[in-house]
Undergrad: 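Handing you a structure now.
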Amino acid sequence: MSANDPRLAVTTSSVRGVVDMTHGAGGRAMAKLIRDIFQRHLANEFLAQGNDAALLGTVCGRLVMATDAHVISPLFFPGGDIGALAVHGTINDVAMMGARPLWLSASFILEEGFPLAELERIVVSMAFAAREAGVPVVTGDTKVVEKGKGDGVFISTTGVGVLANGTYVSGSNARPGDAILVSGSMGDHGVAILSKREHLDFETEITSDSQPLHDLVAAMLATIPGILVLRDPTRGGLSATLNEIAQQSNVGMVIREAAVPVKPEVAAACELLGLDPLNVANEGKLIAICTAQDAETLLAAIRTHPKGQDAAIIGEVVADQHTLVRMKTRLGGMRVVDWIAGEQLPRIC
């Protein structure tokens, strides 16, 4: 975060007090909350309309919509917070369809007693992330629940984007022989959350990879318009996402352990905590599947982009009626990369 980052201004916020039930009652207190925090920081031409819904422009192409609920503990973590995460997560869900994100909506559920200064900090971060991505928050809603019936703040966001005619990216497109790529290192986000939550100190601070990926996706599609599958490996990490795609396409997959990028500090933290980096969430990385002949060209395009410098080809799609994802280990063996069992890292997305 640079010295000129507007998010730093929140440390001297003039907003005082805590959320109370009147902030959700529809009266003056609620109007003041919306004006002083939400409208002030998220200001744009659509919110300025002042209606219960935003009147949007026309688009040329097919509409894509995604929605996501964000519940995370802690709310602020190395490399991000729930506000920026809510923007990035939904933008990325739209982008994984090959679409260009256009607009966002945001719904806040606030717990009675939540500090207003922290709420403003979250909204400022959300506004910064939306402006940086070029995807405005055009409408929203706020509700307040009694103390003890929430977890500070929950945020739901919905994104709308436009998909160019002729583009079809889907988890059902993978075929035997296709190549599997990732845009960067695995596990950064989940380990950053866990280290903050458990007050763990490592020699090198691990930060979340939370970031919007629509610009990277646009560059990839400009190079290889025929990309078959895009998916961001969030909850459940790489293992869960590959299993989802394998089942959706009715194929198997074989990945190479040595080819999967994992930062040394993340690998060390996972080893200490008994975690598998393949199961740990990411918020700023993607999986891409393309034909084998396009793989090297796509890899070069990803690596040219600032958000894909650690990209790698990690495996290939194979025929398998059981839709198993398997991994060639560094020792030369083969193991099944299965869905995560139980709850490894709660409240990370």
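These numbers come from a predicted model, not from an experiment.
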Undergrad: Is the number of heavy atoms from other residues, nucleotides or ligands under 6.0 Å of Asn51 CG greater than 12?
TA: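 Counting other residues, nucleotides and ligands, CG of Asn51 exceeds 12 neighbours.
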Undergrad: Of the non-hydrogen atoms in Glu112 and Val144, which two are nearest, and what is the gap between them?
TA: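 That would be N-CG1, 4.2 Å.
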Undergrad: Report the C-alpha distance between Asp81 and Leu85 in whole Å, list the side-chain angles of each, state the deciding distance to 0.1 Å, and finish with yes or no for side-chain contact (heavy atoms from CB on, under 4.5 Å).
TA: CA-CA 6 Å; Asp81 57 73; Leu85 181 68; over 6 Å; no
Undergrad: Hey, does the side chain of Thr323 reach the backbone of Asp320 with a donor-acceptor pair shorter than 3.5 angstrom?
TA: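 Not at all, since once roles are kept as given, no pair shorter than 3.5 Å links the two residues.
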Undergrad: Could Lys149 and Glu111 be called an ion pair, given the rule that one side-chain N must be under 4.0 Å from one carboxylate O?
TA: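 Salt bridge between Lys149 and Glu111, a charged N being under 4.0 Å from a carboxylate O: no.
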Undergrad: Check for a donor-acceptor pair, side chain of Arg35 on one end and backbone N or O of Arg40 on the other, with a separation under 3.5 Å.
TA: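 No, Arg35 side chain to Arg40 backbone: no donor-acceptor pair under 3.5 Å.
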Undergrad: I'd like to know if the side chain of Thr304 and the backbone of Ala300 have a donor-acceptor N/O pair within less than 3.5 Å.
TA: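 Yes; judged by distance alone, with no hydrogens or angles, the pair exists.
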Undergrad: Could you walk me through whether Leu119 and Phe114 pass the side-chain contact (heavy atoms from CB on, under 4.5 Å) test, one step at a time?
TA: CA-CA 8 Å; Leu119 174 61; Phe114 188 72; 4.0 Å; yes
Undergrad: Working to the nearest 0.5 Å, report the span between CE of Met126 and CZ of Arg121.
TA: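 Spacing of CE (Met126) from CZ (Arg121) equals 14.5 Å.
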Undergrad: Go through the steps for His88 and Glu283 under the test side chain to side chain donor-acceptor pair (under 3.5 Å), then give the verdict.
TA: CA-CA 8 Å; His88 296 160; Glu283 285 293 345; over 6 Å; no
Undergrad: Which atoms form the tightest heavy-atom contact between Arg175 and Asp178, and what is the distance?
TA: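 Smallest heavy-atom distance, with atoms named: N-OD2, 2.7 Å.
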Undergrad: Taking all atoms of both residues into account, what is the closest heavy-atom pair of Asn282 and Pro233, and its distance?
TA: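 Looking at all heavy atoms of both residues, the shortest contact is ND2-O, 2.9 Å.
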Undergrad: Which atom names give the shortest non-hydrogen contact between Arg62 and Ala164, and what distance separates them?
TA: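 Where Arg62 meets Ala164 most closely, the heavy atoms are NH2-O, 2.7 Å.
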Undergrad: What are the two closest heavy atoms between Ala54 and Phe46, and how far apart are they?
TA: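 Taking every non-hydrogen atom into account, CB-CB, 4.4 Å.
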Undergrad: Should we count CD of Glu271 as having more than 12 external heavy atoms under 6.0 Å?
TA: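 Count not over threshold, so no.
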Undergrad: Does a salt bridge link Lys285 with Asp209, judged by any charged N lying under 4.0 Å from a carboxylate O?
TA: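 So Lys285 pairs with Asp209 through a salt bridge.
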Undergrad: Which atom pair, heavy atoms only, marks the closest approach of Ala219 to His305?
TA: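 Smallest interatomic distance, heavy atoms only, reads CB-CD2, 4.2 Å.
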Undergrad: Kindly compute the distance separating OG1 (Thr142) from CG (Leu33), expressed to the nearest 0.5 Å.
TA: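 Thr142 atom OG1 to Leu33 atom CG measures 6.0 Å (nearest 0.5 Å).
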Undergrad: Heavy-atom distance under 4.5 Å between the side chains of Val169 and Met96, does that happen here?
TA: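 Heavy-atom side-chain distance check fails, nothing below 4.5 Å.
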Undergrad: Atom CG in Asp276, atom CG in Leu238: separation rounded to 0.5 Å?
TA: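 These two atoms lie 9.5 Å from each other.
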Undergrad: Against Thr157, only a single residue in Thr90, Thr67, Asp68, Asp93 fulfils side chain to side chain donor-acceptor pair (under 3.5 Å); can you say which?
TA: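 Only one option passes, and that is Thr90.
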Undergrad: Between Thr167 and Leu163 (side chain of the first, backbone of the second, donor and acceptor by atom type, cut-off under 3.5 Å), is there such a pair?
TA: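 Judged by distance alone, no pair lies under 3.5 Å.
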Undergrad: Measure the spacing between OG1 of Thr139 and CD of Gln49 and express it to the nearest 0.5 Å.
TA: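 Interatomic distance, Thr139 OG1 to Gln49 CD, rounded to 0.5 Å: 9.0 Å.
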Undergrad: Can we say Arg16 and Asp36 salt-bridge, meaning some charged N sits less than 4.0 Å from an Asp/Glu carboxylate O?
TA: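 Salt bridge: no.
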Undergrad: If only atom types and distance count, is the side chain of Asn243 paired as donor or acceptor with the main-chain N or O of Val337 below 3.5 Å?
TA: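 Side chain of Asn243 to backbone of Val337, a donor-acceptor pair under 3.5 Å: yes, one is there.
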Undergrad: Take Glu120 and Val124 through the side-chain contact (heavy atoms from CB on, under 4.5 Å) test and state the conclusion after the steps.
TA: CA-CA 6 Å; Glu120 185 181 29; Val124 167; 4.1 Å; yes
Undergrad: Return the CG to OG distance between Asp310 and Ser185, rounded to the nearest 0.5 Å.
TA: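 The OG atom of Ser185 is 6.0 Å from CG of Asp310, to the nearest 0.5 Å.
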Undergrad: Ignoring hydrogens and angles, tell me if any N or O in the side chain of His214 forms a donor-acceptor pair with the backbone of Ala133 under 3.5 Å.
TA: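 Yes, the answer is positive, given that a donor and an acceptor are paired below the 3.5 Å cut-off.
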Undergrad: Is it the case that more than 12 heavy atoms not belonging to Arg28 sit under 6.0 Å from its CZ atom?
TA: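 Atom CZ in Arg28 is not crowded, with 12 or fewer foreign heavy atoms closer than 6.0 Å.
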Undergrad: Ignoring hydrogens and geometry, is there a side-chain-to-backbone donor-acceptor pair from Asp232 to Thr234 under 3.5 Å?
TA: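 Not a single qualifying donor-acceptor pair exists.
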Undergrad: Give me each pair satisfying salt bridge (charged side-chain N to carboxylate O under 4.0 Å, His left out) with a member in residues 290-308, each pair once, sequence neighbours excluded.
TA: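 Passing the test, one end in residues 290-308: Asp215-Lys307.
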Undergrad: Is there side-chain contact between Phe108 and Asp141, with at least one heavy-atom pair below 4.5 Å?
TA: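 No, every pair of side-chain atoms sits at 4.5 Å or beyond.
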Undergrad: How many angstroms lie between atom OG of Ser183 and atom CG of Leu216, to the nearest 0.5 angstrom?
TA: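 If we round to the nearest 0.5 Å, Ser183:OG and Leu216:CG are 6.0 Å apart.
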Undergrad: Please list, one pair per line, the donor and acceptor atoms closer than 3.5 Å that link side chains of residues 249-262 to other protein atoms, with sequence neighbours excluded.
TA:
from	atom 1	to	atom 2	distance (Å)
Ser249	OG	Gly171	O	2.5
Ser249	OG	Ser172	O	3.4
Ser249	OG	Asn173	N	3.4
Ser249	OG	Ala174	N	3.1
Arg256	NH1	Glu316	OE1	3.1
Arg256	NH2	Ile313	O	3.3
Glu257	OE1	Arg330	N	2.9
Glu257	OE2	Arg330	NH1	3.4

Undergrad: Checking Asp20 against Thr22 for the side chain to side chain donor-acceptor pair (under 3.5 Å) test, could you report, in this order, the C-alpha distance in whole Å, the side-chain angles of both residues, the deciding distance, and whether it holds?
TA: CA-CA 5 Å; Asp20 61 44; Thr22 65; 2.3 Å; yes
Undergrad: Please confirm whether the ring centroid of Phe77 lies under 6.0 Å from the ring centroid of His189.
TA: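 Yes, they do, as the ring centres are separated by less than 6.0 Å.
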Undergrad: Is the side chain of Arg231 donor-acceptor paired with the backbone N or O of Leu286 at a distance under 3.5 Å, no angle test?
TA: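 Flag not set: sc Arg231 to bb Leu286 has no pair under 3.5 Å.
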Undergrad: Counting heavy atoms not belonging to Met21, are there more than 12 under 6.0 Å from its CE?
TA: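 Yes, CE of Met21 has more than 12 neighbouring heavy atoms, counting only those of other groups under 6.0 Å.
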